[in-house]
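Everything quoted here is computed from the prediction, not taken from an experiment.
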Amino acid sequence: MTISYQLGNSLYLNLTNRCTNNCRFCVRRFKKGVGEYDLWLDKEPTFKEVIESIGDDVKYYEFIFCGYGEPLIKLGLLKKVASYLKENYPEIPIRINTNGQANLIHNKNVLVELESIIDSISISLNAHNAIIYEEICQPQFDESFKHVINFIIEATEYIPNVITSIVTYPGVDVDKCFELAERLGVRLKVREF
Ligand code: SF4
């Protein structure tokens, strides 16, 4: 199983395959991984397994908690690994790619706990309104879109670099997403479906 994998000059960390969304465009529906990497885990890795998978030859542009699932489901492990990386490789920035539902998952403000160890956060906006979000992302929690928006706003208070993203799935109004991102004061990255 692939716990960490290099794409370009960045090292991606795969802590879990679980997610609180079931997005219609999710790559997990169509592929077993990215490139040559099979990202379905036999079991969720321990701290020791994550560190061992990173190895000693560390010269990356960025560490990215991404996974084949929602990395912040594994909040405790993510914090422990991020703290280890910050301590040992302070020059390498750390990013999380997330669906923005961590405060719902853990029923607290997790951003407070990430403030000193995470440099960037990329939050999936995925839609211009709650109706489209529900339709495309099929979230487990009620009112997820509202919580994602709040998470984006709060993230700007704790994390130095906050980005949002969308996928051009049918029904998503890209212009309205740009307007929304502007109102929220964050950049928007658009990925083609
Ligand atoms: S939030 Fe990400 S991992 Fe989860 S279902 Fe959507 S695309 Fe897949």
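Remark: Tyr169 engages Phe193 in a ring pair (Phe, Tyr, Trp, His ring centres under 6.0 Å) (not counting sequence neighbours). Partners of Leu188 by side chain to side chain contact (heavy atoms under 4.5 Å, CB included), not counting sequence neighbours, listed by chain and number: Leu125, Thr164, Ile166, Cys177, Phe178, Ala181, Val190. Residues passing the salt bridge (charged side-chain N to carboxylate O under 4.0 Å, His left out) test with Glu115: none are found, sequence neighbours excluded. Every residue two or more places apart in sequence or in another chain that forms a side chain to side chain contact (heavy atoms under 4.5 Å, CB included) with Val27 is listed here: Lys31, Tyr68. A search for side chain to side chain contact (heavy atoms under 4.5 Å, CB included) contacts involving Lys189 returns Ile163, Ser165, not counting sequence neighbours. Applying the side chain to side chain contact (heavy atoms under 4.5 Å, CB included) test to Val34 and every residue at least two apart in sequence or in another chain returns Leu7, Leu39. Lys80 is linked by a salt bridge (charged side-chain N to carboxylate O under 4.0 Å, His left out) to nothing, counting only residues two or more places apart in sequence or in another chain.
Counted within 6.0 Å of CD1 on Ile153, heavy atoms from surrounding residues, nucleotides or ligands total more than 12; the atom is thus considered enclosed. Remark: Glu91 CD is packed, more than 12 non-hydrogen atoms of other residues, nucleotides or ligands lying under 6.0 Å away.
Under the 3.5 Å distance criterion, the side-chain polar atoms of Ser4 are matched with a main-chain donor or acceptor of Ser53. Side-chain atoms of Arg28 never come within 3.5 Å of backbone atoms of Cys23 as a donor-acceptor pair (strictly under, hydrogens ignored). In this structure a side-chain-to-backbone donor-acceptor pair under 3.5 Å is present from Asn17 to Leu41. Remark: side-chain polar atoms of Thr2 are paired, donor with acceptor, to backbone N or O of Asp38 under 3.5 angstrom.
Distance check: Tyr5 OH to Cys66 SG gives 4.5 Å after rounding to the nearest 0.5 Å. Put simply, CG on Asn129 and CD on Glu134 are 10.0 Å apart, with the number rounded to the nearest 0.5 Å. The CG atom of Leu72 lies 9.0 Å from the CG atom of Asn103; values are rounded to the nearest 0.5 Å. The CD1 atom of Ile132 sits 9.0 Å away from the CG atom of Asp173 when rounded to the nearest 0.5 Å. To the nearest 0.5 Å, atoms CG (Leu13) and CD1 (Ile51) are separated by 8.5 Å. Between atom OG of residue Ser10 and atom OH of residue Tyr60 there is a gap of 10.0 Å, rounded to the nearest 0.5 Å.
Counting heavy atoms from C-beta outward, Tyr84 and Phe47 have side chains that approach closer than 4.5 Å. Residues Phe145 and Asn126 form no side-chain contact, since every pair of their non-hydrogen atoms from C-beta on lies 4.5 Å or further apart. In this structure the side chain of Leu85 reaches within 4.5 angstrom of the side chain of Ile54, judged on heavy atoms. At a threshold of 4.5 Å between non-hydrogen side-chain atoms, the residues Lys43 and Glu49 count as touching. With a 4.5 Å cut-off on side-chain heavy atoms, Leu114 and Tyr158 do not count as touching. In this structure, the side chains of Tyr89 and Phe63 come closer than 4.5 Å at one or more pairs of heavy atoms. Within the 4.5 Å cutoff, the side chain of Phe141 has heavy atoms near those of the Ile105 side chain.
A salt bridge (Lys or Arg N to Asp or Glu O under 4.0 Å) check over residues 139-159, counting only residues at least two apart or in different chains, returns the pairs Glu143-Lys146. Sorted by first then second residue, the salt bridge (Lys or Arg N to Asp or Glu O under 4.0 Å) pairs that include residues 8-20, not counting sequence neighbours, are Arg18-Glu44. Listed by first and then second residue, the salt bridge (Lys or Arg N to Asp or Glu O under 4.0 Å) pairs involving residues 158-169 amount to none (not counting sequence neighbours). Sorted pairs that involve residues 174-187 and meet side chain to side chain donor-acceptor pair (under 3.5 Å), not counting sequence neighbours, are lacking altogether.
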Verdict with supporting geometry, Val167 and Val172, side-chain contact (heavy atoms from CB on, under 4.5 Å): CA-CA 8 Å; Val167 173; Val172 175; over 6 Å; no

For the pair Leu75 and Lys108, evaluate side-chain contact (heavy atoms from CB on, under 4.5 Å) and give the outcome as yes or no after the intermediate values. CA-CA 12 Å; Leu75 179 65; Lys108 62 179 175 178; 4.0 Å; yes

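No continuous path of ILVMFWY side-chain contacts below 4.5 Å connects Tyr37 to Leu15, so the two sit in separate hydrophobic clusters. In the hydrophobic cluster analysis, where Ile, Leu, Val, Met, Phe, Trp and Tyr join through side-chain heavy atoms closer than 4.5 angstrom, Phe151 is grouped together with Ile159. There is a path of hydrophobic side-chain contacts, each under 4.5 Å, that joins Val112 to Val162. Leu78 and Ile64 are not part of a single hydrophobic cluster, where members link through side-chain heavy atoms under 4.5 Å apart. Linking ILVMFWY side-chain heavy atoms closer than 4.5 Å, directly or via other members, places Val81 and Tyr61 in two distinct hydrophobic clusters.
Of all the heavy atoms in Ala82 and Ile118, the pair that sits closest is CB-CD1, 4.0 Å. Nearest heavy-atom pair, Met1 versus Asp42, reported as atom, atom and distance to 0.1 Å: SD-N, 3.3 Å. Nearest approach of Ala155 to Ile123, heavy atoms of both residues: CB-CD1, 3.9 Å. Closest non-hydrogen pair, Leu180 versus Ala127, comes out as CD2-O, 4.3 Å.
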Please report, to 0.1 Å, the donor-acceptor pairs under 3.5 Å made by any side chain of residues 93-101, with sequence neighbours excluded.
unit_1	atom_1	unit_2	atom_2	d
Arg95	NE	Glu62	OE2	3.3
Arg95	NH1	Asn97	OD1	2.9
Arg95	NH2	Glu62	OE1	3.2
Thr98	OG1	Glu70	OE1	3.2
Thr98	OG1	Glu70	OE2	2.9
Thr98	OG1	Gly100	N	3.0
Asn99	OD1	Gln101	N	3.0
Asn99	ND2	Thr20	OG1	3.1
Gln101	OE1	Thr20	OG1	2.6
Gln101	NE2	Asn21	OD1	2.9
Gln101	NE2	Tyr133	OH	2.9

